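Everything on this sheet refers to the single structure shown next.
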Amino acid sequence: MVSNISSSPALTFELVARCSTTRARASNLTLPHGPVQLPMFMPVATQASLKGITPQQLEETGCTLCLNNTYHLGLKPGQEVLEAVGGAHKLQGWNHNILTDSGGFQMVSLLKLAKITEEGVRFLSPHDGSPMLLTPEHSISLQNSIGSDIIMQLDDVLVTTSPDKARMREAMERSVRWLDRCIDAHKKPHSQNLFCIIQGGLDLDMRRECCKEMIARDTPGIAIGGLSGGEAKDDYCRVVETCTALLPDLKPRYVMGIGYPEDLVVSVALGADMFDCVWPTRTARFGNAVTKHGVLNIRNARYANDFGPIEPGCGCMCCRQGEEGMGVTRAYVHHNTSKETVSAHLLTIHNVWYQLNLMREVRQSIIEDRFPAYVQQFFANLYDDKA
Ligand code: GUN
Ligand code: ZN
C-alpha cells in the first residue's frame with residue numbers, strides 16, 4: 001500500500017482526502033506548535049500583531065497558523081530583543097504556529113530602492129537611511145531567533161510582470177543558489193521547517209526547471225512565489241497548475257500572497273494547500289466586509305438603517321451576537337467607521353473568520369467528495385445572487 005504520511009524532523013504531513021475530478025486535497029499538517037488542517041488561509045500579522053485584534057481574538061477565529069515578517073521584526077524589536085524574550089511566540093503570547101516570510105520580498109515591494117546582488121538585498125534603512133544588506137544567511141539567522149515554525153528561504157523576486165527573460169532567469173537561478181545558502185545557514189532544522197520558493201515568472205518552462213531544482217533540495221514544504229503581482233488570472237492558473245503537476249504529493253504547497261476568496265477556491269482546485277494575504281485585514285480597515293455575496297462597504301449610506309448582522313448566518317463573534325439580537329448590527333459598524341476604531345476591529349474579526357471558514361468548508365467538501373458542487377455554489381452565491 002502507498003503511504004499517505006510523510007515526515008521531516010519538525011513536521012508531519014498526511015493526505016486525508018482527494019477530489020476525484022480536480023487536484024484538490026484535504027490534509028493534516030503537524031507543526032511544532034500543533035496541528036493545522038489544510039487547505040488553510042493564514043492571516044498576516046506583519047509586526048507580530050494582526051492590526052486591530054488581540055492574539056486571543058485571533059485564536060477565537062480558529063486560526064492555528066499566522067504570518068509574521070522577518071524584515072519588520074528584524075528591524076523592530078530587533079534580533080537582540082527577540083533572542084532575549086525567546087522568540088516571536090513568547091513576544092506576542094501566541095501558542096499556535098507562526099510562519100515568517102524571509103524579508104526580501106517586503107523590501108523589494110516596499111522600498112523601491114532595494115538593489116539585488118548575488119550577495120543579497122541592499123537597501124536603505126527606513127528608520128535612519130543607513131545602508132543595510134539582507135543576505136540569505138542573515139535572513140535565516142533572524143528567523144532562527146524569531147523561532148517561527150515555518151521559515152522561508154530568501155528569494156530573488158521580481159515585482160513586475162514585464163517579461164525580461166534574462167533577468168527572470170537570473171532571479172530563478174539565484175533563488176536556487178540562495179536556497180542552498182539558506183539550508184547551510186539553518187541552525188534549527190529540528191524545530192523549524194525551511195520552505196523553498198519556486199520562481200520563474202509566467203514562463204512555464206522556467207517554472208518546470210525551477211521545480212526540478214527545488215524538489216531535489218528536499219525541503220519539508222514548497223512555496224510558489226512570484227505571483228500575486230497583478231498577472232492575468234489565466235496566467236496565474238497556468239503557473240500554479242504547472243508547478244503542482246510536478247510537486248511531490250506528500251509535501252504542503254503554499255502559494256504566496258493570495259487571498260481573494262475566489263482565488264483561494266480556484267487555487268485549491270489546482271492542488272495548492274496554503275495561502276496568505278494582507279487583503280482581508282487591510283480591507284476591513286477601509287470599512288469592507290468580505291461575505292459570500294461579495295465585498296460590502298459598510299460605510300455606504302444604505303447600511304445606516306440596516307439592523308442585521310454584518311453577514312447573516314456567519315458564525316463569527318460579531319455576527320453571532322448580532323443574530324442573537326445582542327449587539328453588532330451593520331448600522332453600528334456603519335455609524336462607527338468614520339471616527340472610531342471599533343468597526344475596524346469588528347470587520348477584521350469577521351473577515352478573518354470568513355476566510356478561515358471558507359477553507360474549512362472547502363476542506364469538508366473535499367472530504368465528503370462534493371468539492372465540485374461546493375465550488376459551483378460558491379460562484380453562484382458570489383456572482384448570481386447579490387445580497
Ligand atoms: N509574498 C508574495 N510573493 C512572494 C514571493 O515570491 N517571495 C516571497 N518571499 N514572499 C512573497
Ligand atoms: Zn461575521
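Whatever order the structure lists ligands and atoms in, that order sets their numbers, starting from 1. In this text the structure is predicted, and so the values were computed from the model without any measurement.
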Fill in: Residue Ile197 vicinity, atoms of ligand 1 by number, heavy atom under 4.0 Å
9 (N)
Worksheet item: Which of the atoms in ligand 1, numbered in the order shown and given with their element, are less than 4.0 Å from a heavy-atom of Gly226?
Response: 5 (C), 6 (O)
Worksheet item: Heavy-atom contacts under 4.0 Å between Leu154 and ligand 1: side chain, backbone, both, or neither?
Response: neither
Discussion item. Please determine whether the number of non-hydrogen atoms from other residues, nucleotides or ligands lying under 6.0 Å from atom OH of Tyr374 exceeds 12.
Written reply: yes
Worksheet item: Looking at ligand 1, does any of its N/O atoms fall within less than 3.5 Å of an N/O of Gly225?
Response: no
Fill in: Which segment of Gln199 sits under 4.0 Å of ligand 1 when only heavy atoms are counted
side chain
Worksheet item: Does Gly104 have a non-hydrogen atom less than 4.0 Å from ligand 1?
Response: no
Item to complete: Using a strict 4.0 Å threshold on nitrogen-to-oxygen distance, state whether Glu209 and Lys212 make a salt bridge.
Response: no
Worksheet item: Is Glu137 paired with Arg181 through a side-chain N to carboxylate O contact shorter than 4.0 Å?
Response: yes
Worksheet entry | Apex the Zn ion (ligand 2); atoms Cys319 SG and Cys314 SG; angle rounded to 10 degrees | 110°
Worksheet entry | NE2/His96: more than 12 non-hydrogen atoms of other groups inside 6.0 Å | yes
Worksheet item: Phe13 and side chain to side chain contact (heavy atoms under 4.5 Å, CB included): which partner among Leu38, Thr30, Leu31, Val36?
Response: Leu38
Item to complete: Could you tell me whether Arg360 sits above the aromatic face of Trp353, with NZ or CZ closer than 6.0 angstrom to the six-membered ring centre and within 45 degrees of the axis?
Response: yes
Worksheet entry | Within-cut-off N or O pair, Gln153 and ligand 1, under 3.5 Å | no
Worksheet entry | atom 5 (C) of ligand 1 - nearest protein heavy atom and its distance | Asp155 OD2, 3.6 Å
Worksheet entry | Pair Asp180 + Arg177: basic N to acidic O under 4.0 Å | no
Discussion item. For Asp156, run the salt bridge (Lys or Arg N to Asp or Glu O under 4.0 Å) check against Arg174, Lys115, Arg169 and tell me which one passes.
Written reply: Arg174
Worksheet item: Of all N, O or S atoms in His350, which has the smallest distance to the Zn ion (ligand 2)?
Response: ND1
Discussion item. Would you say the Zn ion (ligand 2) has Cys318 as a near neighbour, meaning an N/O/S atom of that residue under 2.8 Å away?
Written reply: no
Item to complete: May I have the step-by-step check of side chain to side chain donor-acceptor pair (under 3.5 Å) for Thr100 and Ser148, ending in yes or no?
Response: CA-CA 6 Å; Thr100 38; Ser148 32; 2.6 Å; yes
Worksheet item: Less than 3.5 Å between some nitrogen or oxygen of Ser228 and one of ligand 1, yes or no?
Response: no
Worksheet item: For atom 10 (N) of ligand 1, which protein heavy atom lies nearest, and how many Å away is it?
Response: Asp101 OD2, 2.6 Å
Worksheet item: atom 8 (C) of ligand 1: which of Tyr254, Phe105, Phe195 has the nearest heavy atom?
Response: Phe105
